[in-house]
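Counting starts at 1 for both ligands and their atoms, in listed order.
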Amino acid sequence: MQPFATVLDWREGTISPADNVVVRRLSDMKTMYHDQAAMARMLKASDPVLYEVYEVHVPPEAGHLNHCCSIIYPGKVGDEYFMTKGHFHAVEGTAEIYVGLQGEGMLLMQTRDGQVAHIAFRPGVMAYIPPYWAHRMVNIGAERFIFLGVYPGNAGHNYGTIEQTGFARLVVERDGAPVVIPNPQAG
Ligand code: PAN
Ligand code: ZN
């Protein structure tokens with residue numbers, strides 16, 4: 001294939017041209033927030049977009065690099081901040097780099113054998129997510145949280161494990177500030 005370029009608008013979080021834009025709404029994440037009563041109340045009123053991902057497609061092979069830009073909107077379900085679904089890569093031995101572009105976030109990570117980690121994000125923070133670590137981004141600020149992701153073409157996404165077990169840590173608001181706490185419901 002030939003070299004190519006796209007344009008990343010790092011203030012807006014868009015890539016043009018993008019091959020695909022993933023739009024995730026509240027209803028796509030019904031079971032993923034700890035306060036199910038708050039989720040039900042919010043869904044009765046509306047079904048807001050929680051985040052979007054501008055994706056550039058490359059061949060799904062190990063030598064290639066997927067790259068995409070995610071925008072998580074500000075907000076909470078109950079006391080839990082808007083966040084991505086989070087996933088292991090389908091090919092678990094693949095890493096990823098996240099770079100913060102706008103806003104404030106928290107990266108939650110965990111392994112299958114019970115290790116957990118988190119990294120606070122502001123513009124310029126560049127995190128290395130090693131192979132075998134599940135990852136979820138959370139918007140802990142009042143503005144949009146925008147970050148770039150780069151990961152191997154063959155990585156794929158496994159959402160099922162996290163859907164079933166949840167994340168070991170939650171990011172919730174306490175006294176007006178974000179805190180990372182153990183998830184009492186994590187399986
Ligand atoms: C990211 C994520 C993106 C959306 O590109 O796919 O931020 O998060 P979810 O995929 O968890 O909904 C990435 O980590 N790709 O591998
Ligand atoms: Zn990933």
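- Taking every heavy atom of Arg24 and a limit of under 4.0 angstrom, the matching atoms of ligand 1 come to 12 (O).
- Atom 8 (O) of ligand 1 has Thr84 CB, 3.4 Å as its closest protein atom, hydrogens excluded (heavy atom only).
- More than 12 heavy atoms of other shown residues, nucleotides or ligands fall within 6.0 angstrom of atom CD in Gln185.
- Numbered from 1 in the order shown, with element, the atoms of ligand 1 that lie under 4.0 Å from a heavy atom of Phe147 read 7 (O).
- Looking at Asn20 and Glu55, their side chains do bring a donor and an acceptor atom within 3.5 Å of each other.
- Looking at Arg136 against ligand 1, nothing comes within 4.0 Å, counting heavy atoms.
- A donor-acceptor distance shorter than 3.5 angstrom exists from the side chain of Arg25 to the backbone of Asp47, with no hydrogens or angles considered.
- Near Gly86, meaning under 4.0 Å from one of its heavy atoms, ligand 1 places the atoms 11 (O).
- From the protein, the heavy atom lying nearest to atom 12 (O) of ligand 1 is Tyr51 OH, 2.5 Å.
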So Phe147 and Tyr98, ring pair (Phe, Tyr, Trp, His ring centres under 6.0 Å) or not? Walk me through it. CA-CA 6 Å; Phe147 63 97; Tyr98 277 170; 4.8 Å; yes

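- Between the side chain of Tyr81 and the backbone N or O of Gly105 there is no donor-acceptor pair closer than 3.5 Å.
- Closest to atom 15 (N) of ligand 1, if we only count protein heavy atoms, is His157 NE2, 3.1 Å.
- Closest to atom 10 (O) of ligand 1, if we only count protein heavy atoms, is Tyr159 OH, 2.4 Å.
- With a 4.0 Å cut-off on non-hydrogen atoms, Glu96 touches ligand 1 through its side chain and not its backbone.
- Those atoms of ligand 1 with a heavy atom of His135 less than 4.0 angstrom away are 14 (O).
- Taking the six-membered ring for Trp, His157 and Tyr151 have ring centres closer than 6.0 Å.
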Determine, step by step, whether Tyr73 and Glu52 satisfy the side-chain hydrogen bond (donor to acceptor under 3.5 Å, both in side chains) criterion, reporting the C-alpha distance in whole Å, the side-chain angles of both residues, the deciding distance to 0.1 Å, and the verdict. CA-CA 9 Å; Tyr73 292 93; Glu52 294 172 287; 2.4 Å; yes

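- Here the protein heavy atom with the shortest distance to atom 14 (O) of ligand 1 is Tyr98 OH, 2.6 Å.
- Under a 3.5 Å cut-off, the side chain of Asp9 and the backbone N or O of Thr14 do not form any donor-acceptor pair.
- Taking the Zn ion (ligand 2) as reference, the nearest N/O/S atom within Glu96 carries the name OE1.
- The two atoms that bring Asp28 and Lys85 nearest to each other are O-CE, 3.6 Å, heavy atoms only.
- Close approach to Val53 involves these atoms of ligand 1, each under 4.0 Å from a residue heavy atom: 3 (C), 4 (C).
- If you number the atoms of ligand 1 from 1 as listed, the ones under 4.0 Å from a heavy atom of Ser70 come out as 3 (C), 7 (O).
- Arg112 forms no cation-pi arrangement with Tyr132, by the criterion of a distance under 6.0 Å to the ring centre and an angle within 45° of the ring axis.
- Of all protein heavy atoms, the one closest to atom 5 (O) of ligand 1 is Cys68 SG, 2.9 Å.
- Among the atoms of His87, an N, O or S atom is found under 2.8 Å from the Zn ion (ligand 2).
- Of the possible polar contacts, one joining the Asp19 side chain to the His57 backbone as a donor-acceptor pair under 3.5 Å is found.
- Looking from atom 2 (C) of ligand 1 to the surrounding protein, the closest heavy atom is His87 CE1, 3.7 Å.
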